[in-house]
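Here's the structure, in structure tokens; my notes come after.
In what follows, every heavy atom counts, from backbone to side chain, and hydrogens, waters and symmetry copies are set aside.
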Amino acid sequence: MKNMHILAIPYPLQGHVMPLMEATRCFTTNGLKVTFVNTEFIHKKLMGASLEIDCPSDLMQLVSIPDGMEPCEDRNDHGKLTKAMFQLMPAKLEELINDINQNDDEKITCIVADYCMGWVLRVARKMGIRLALFCPSSAAVLAVTMSLQKLMDDQVINGRSGEILKHQMVQLSPTMPLMDPANFVWVCVGDAETNQIMFDSLFLEAKDAAEAADHIICNSSMELEPGAFTLFPKMLPIGPLLATNKSTRQVGHFWKEDSTCLTWLDQQPVCSVIYVAFGSITIFNQLQFEELALGLEDTKMPFLWVVRPGPSGNMDYVYPSGFLDRIGSRGKILSWAPQQEVLNHPSVACFMSHCGWNSTMEGVSNGVPFLCWPYFADQFFNKTYICDIWKTGVGLNKDGTGIVTRGEIKSKVEQLVNNNIHKANVLNLKEKLTEGLREGNSSNKNLNKFIDWLKEG
Ligand code: UDP
């Protein structure tokens, strides 16, 4: 049999690299060789966080190519980064593949690209390599991208700029939840120029790639999103990926995990701790930060709180006066958690989250109810799934000044922990997800189908 060699390429953000690494673990487990291509910037971060890959080194290699930005430039400017990547990376990827293909036994037989890297389609076509896409967001969000033409035809969005023309909820199919166009990712990433770049270089490209790709694999499950998967049967749910891999340890952290929190969790009563984490991008202003601290204090419950750098990019938040002394060992604050292990810990009662898709999947597959605090883009839609469709959590609302107050935090935490319904719903869903992963059931069947396709070469 010919040696199969898969090239995997994620969008350079934590919430994209990590799940694609999980997906490629499924490939190496099946004996397939993977070359994982990061941008140089991300590659350095992964190496700095002591990445450990638990598969034979001859099956998985990590390589990098430049992203088109200068080393000192701000990669949080997603418009600029997307444009730079779009301009430079196709040629660099082609060079890389040509280099690898020098060796006949090593030739790339298939590319699995994040759908946010739609430009890869042109490289794959030019080089005659088969292409599959990977979806690290909800399938519903990719379904929006795949429905762009319909949204243009229905004059919901402007076909050139992506701007919203009809400010009313849309439903892509009768079995899908209502969606607010104001939360479509390309209309809320940044200023008008950034949004335009995201629409042109990311979403329109993603739409073309999704139409052309042979398969689209999703870190989701039929049980969670039946409407989206029925609308676009080309999307194959193979998740939740961490559960698929039966792993509690995630690979691909950009920062070193502080595992001392696990010992701290061991010392807390069962189902007593609020886990507070808002992913890798969310930023609070100082006022909101203080209000959150005081709200956690008011709950009187133990809490594990991941505090990431503030607006300046530094750890410059100031805690309310006397807060740290009053909290003592009741609260544990850290800068990066081993999230999957935390959510899998019996002491965790609930998850205060920004509702990034990975966090959403991890919470649900560990049976943890949510306190939803979405920050931007698809997180608002993920909140709809959690609060309105699956009913596995409650939302935190802002007051008239745009702040989630300490009173709101205390009251929603009490509402969630004193009412067993959300916990019961999430445990029920967890059971369904586990069922979907069993031999012959939906996610398992889809993954096997996909692996068979990869092996066809
Ligand atoms: N994560 C983690 N430790 C933390 C916070 C987050 O390992 O302290 C992981 C989390 O498990 C998830 C990813 O980082 O897999 C964040 O992805 P998500 O889609 O939830 O949010 P994003 O960072 O993309 O906004």
Taking side chain as C-beta onward, heavy atoms only, is F254 less than 4.5 Å from L13? no
For Y115, all residues meeting ring-ring contact (aromatic ring centres under 6.0 Å, His included), sequence neighbours excluded: none
Does anything in residues 26-35 form a salt bridge (charged side-chain N to carboxylate O under 4.0 Å, His left out)? List the pairs, not counting sequence neighbours. K33-E106
Are side-chain N/O atoms of T35 and H5 paired as donor and acceptor at under 3.5 Å? yes
Partners passing side-chain contact (heavy atoms from CB on, under 4.5 Å) against N76 (at least two apart in sequence or in another chain): D74
Determine, stepwise, if the pair E22 / Q250 fulfils side-chain hydrogen bond (donor to acceptor under 3.5 Å, both in side chains). CA-CA 8 Å; E22 288 300 333; Q250 290 158 290; over 6 Å; no
Evaluate the ring pair (Phe, Tyr, Trp, His ring centres under 6.0 Å) criterion for residues Y375 and F284: first the C-alpha distance (whole Å), next the side-chain angles of each, then the deciding distance (0.1 Å), finally the verdict. CA-CA 9 Å; Y375 172 66; F284 290 115; 7.3 Å; no
Mind checking whether P177 and Q171 have side chains closer than 4.5 Å, heavy atoms only? no
Which residues pass the side-chain contact (heavy atoms from CB on, under 4.5 Å) test with A337, sequence neighbours left out? Y275, V306, L334, V342
If we count only N and O atoms by modelled type, under 3.5 Å, do the side chains of Q340 and N366 hold a donor and an acceptor together? yes
Side-chain contact test, heavy atoms from C-beta onward, threshold under 4.5 Å: evaluate it for W357 versus Q379 and give yes or no. no
Is D67 reaching over with its side chain to a backbone N or O of T39, donor-acceptor style, under 3.5 angstrom? no
Indicate whether any N or O donor in one side chain lies under 3.5 Å from an N or O acceptor in the other, for N448 and D452. no
With sequence neighbours excluded, what pairs up with D200 under the salt bridge (charged side-chain N to carboxylate O under 4.0 Å, His left out) test? none
One thing to verify: whether R249 and E257 come together as a salt bridge, which I'm taking to mean a side-chain N less than 4.0 angstrom from a carboxylate O. yes
Applying side-chain contact (heavy atoms from CB on, under 4.5 Å) to S365 and not counting sequence neighbours gives P240, L433
Selection residues 109-126 - residue pairs positive for salt bridge (charged side-chain N to carboxylate O under 4.0 Å, His left out), sequence neighbours left out: E94-K126, R122-E205
F232 meets the ring-ring contact (aromatic ring centres under 6.0 Å, His included) criterion, sequence neighbours left out, with none
Report yes if the distance between the aromatic ring centroids of F289 and W305 is under 6.0 Å, otherwise no. yes
Quick one: do the T194 and D191 side chains pair a donor with an acceptor below 3.5 Å? yes
For K92, give me all partners under side-chain contact (heavy atoms from CB on, under 4.5 Å), at least two apart in sequence or on another chain. I65, P66, L88, E95
State which residues pass salt bridge (charged side-chain N to carboxylate O under 4.0 Å, His left out) with K44; sequence neighbours excluded, sorted by chain then number. none
With K412, the side-chain hydrogen bond (donor to acceptor under 3.5 Å, both in side chains) member among E408, Q415, E414: E408
Going by side-chain hydrogen bond (donor to acceptor under 3.5 Å, both in side chains), name the pairs with one or both residues in residues 381-393, residues two or more places apart or in two chains. E225-Y385
Residues 416-457 vs ring-ring contact (aromatic ring centres under 6.0 Å, His included), sequence neighbours excluded, gives F27-F450, H215-F450, H215-W453, F450-W453
Heavy-atom distance under 4.5 Å between the side chains of E163 and I157, does that happen here? no
For Q149 and D153, does a side-chain donor sit closer than 3.5 Å to a side-chain acceptor? yes
